[in-house]
Amino acid sequence: MSIRRMIVALALTIASSTAFAMHCPVDMKQIDEALAKKPNLTSEQLAEVKKYRAEGEALHKAGKHQESVDTLAKAKKILGIQ
Ligand SMILES: [Cu+2]
C-alpha cells in the first residue's frame, strides 16, 4: 500500500468515526426528548428504553460508536422515532 493510499484510508477512518461520535448524542437527545413527552408505553417498554439508552451512552463513552448507534436504535424503535 502506498503512503498516499494509507493517508486516504486513515482520513476516511477518522471521518467515519467522527460521524458516529456525532450520531450517538443526537440519538440520545431524541430519546430523552421522546421520554420527556411521557410516551404511551408499558412499564416494561419504558424499562427497556431506559436500559438501551444507558447502554448506548456507556458504549459511546467507550468509543464503540457503531454498537452505541445500534443499541440506541432499539430504544428509538420502541419509542416509534422515525
Ligand atoms: Cu458515539
Side-chain angles (χ1 to χ4, degrees):
M1 201 189 267
S2 73
I3 296 286
R4 200 187 147 91
R5 272 174 171 243
M6 275 198 277
I7 291 168
V8 171
L10 189 67
L12 286 175
T13 305
I14 292 166
S16 64
S17 63
T18 307
F20 280 129
M22 293 298 289
H23 206 286
C24 319
V26 172
D27 286 343
M28 285 188 262
K29 193 166 171 279
Q30 285 181 330
I31 292 163
D32 289 344
E33 280 171 1
L35 284 173
K37 287 178 195 158
K38 305 248 177 272
N40 192 19
L41 299 175
T42 65
S43 53
E44 285 86 8
Q45 285 175 315
L46 204 56
E48 257 190 299
V49 168
K50 285 178 178 170
K51 183 176 76 111
Y52 290 137
R53 165 69 176 79
E55 272 179 24
E57 185 165 5
L59 287 165
H60 170 66
K61 284 180 177 160
K64 295 176 181 169
H65 301 296
Q66 183 59 64
E67 285 101 317
S68 175
V69 169
D70 291 344
T71 304
L72 293 169
K74 291 181 201 167
K76 284 169 71 173
K77 197 172 173 225
I78 296 167
L79 286 162
I81 300 170
Q82 280 159 13

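When reading the values below, keep in mind they use all heavy atoms of this one structure, side chains included, and skip hydrogens, waters and symmetry mates. Every value quoted in this text rests on a predicted model; they were computed, and no experiment measured them. In listed order, ligands and their atoms are each counted from 1.
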Do any N/O/S atoms of Cys24 come under 2.8 Å of the Cu ion (ligand 1)? yes
Quick check: of its N, O or S atoms, which one does His60 have closest to the Cu ion (ligand 1)? ND1
What N/O/S atom of His65 gets nearest to the Cu ion (ligand 1)? ND1
Using side-chain contact (heavy atoms from CB on, under 4.5 Å) as the criterion, point out the one residue from Thr71, Leu59, Leu72 that pairs with Cys24. Leu72
Got His65 and His23 here, is their nearest side-chain heavy-atom distance under 4.5 Å? no
Salt bridge present between Glu33 and Lys29 (N-O < 4.0 angstrom): yes
Is there a path of hydrophobic side-chain contacts, each under 4.5 Å between heavy atoms of I, L, V, M, F, W or Y residues, that connects Ile81 with Val69? no
